Amino acid sequence: CICICMHMHAYAYAYAYACIPQVVERLLRAGAPTAALNEAQRTPRQEAVHALQQLGARAGASGTRRDMLELTIALFDLGG
């Protein structure tokens, strides 16, 4: 159980950063922890916000990626 929880935690970060909202939604519904911090001391939601901020700072950034990150953040706000 602890191993599965740790993997869900790691996957929540990876998919939040990769902006794959469908997978984030499934992980949230499965009970993935959302308050645990990664090495950068950010939660999965904060990781998605960070990625969005980095994207905003880049010229010519993809609108699709921005939209997916915003959707991912909204999923965290809704709790999955």
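What you see is a predicted model, and the numbers here were worked out from it, not measured in a lab. Note that the numbering runs from 1 along the sequence shown for the chain.
In this structure, Ile73 CD1 and Arg45 CZ are separated by 6.0 Å, a value rounded to the nearest 0.5 Å. Rounding to the nearest 0.5 angstrom, the gap separating the CD atom in Gln46 from the OG1 atom in Thr34 is 10.5 Å. Within the model, atoms CG of Leu71 and CG of Leu78 stand 9.5 Å from one another, a figure rounded to the nearest 0.5 Å. The distance from the CG atom of Leu55 to the CE atom of Met68 is 13.0 Å, given to the nearest 0.5 Å. Here the CZ-CG distance, from Arg26 to Leu75, works out to 13.0 Å after rounding to the nearest 0.5 Å.
Closest of all the heavy-atom pairs between Pro33 and Pro44 is O-CG, 4.1 Å. Across all their heavy atoms, Ala48 and Leu69 have their closest contact at O-CD2, 3.8 Å.
A salt bridge does not link Arg66 to Glu70: none of the charged nitrogens lies less than 4.0 Å from a carboxylate oxygen.
Counted by atom type alone, His50 and Gln54 present one or more donor-acceptor pairs between their side chains at under 3.5 Å.
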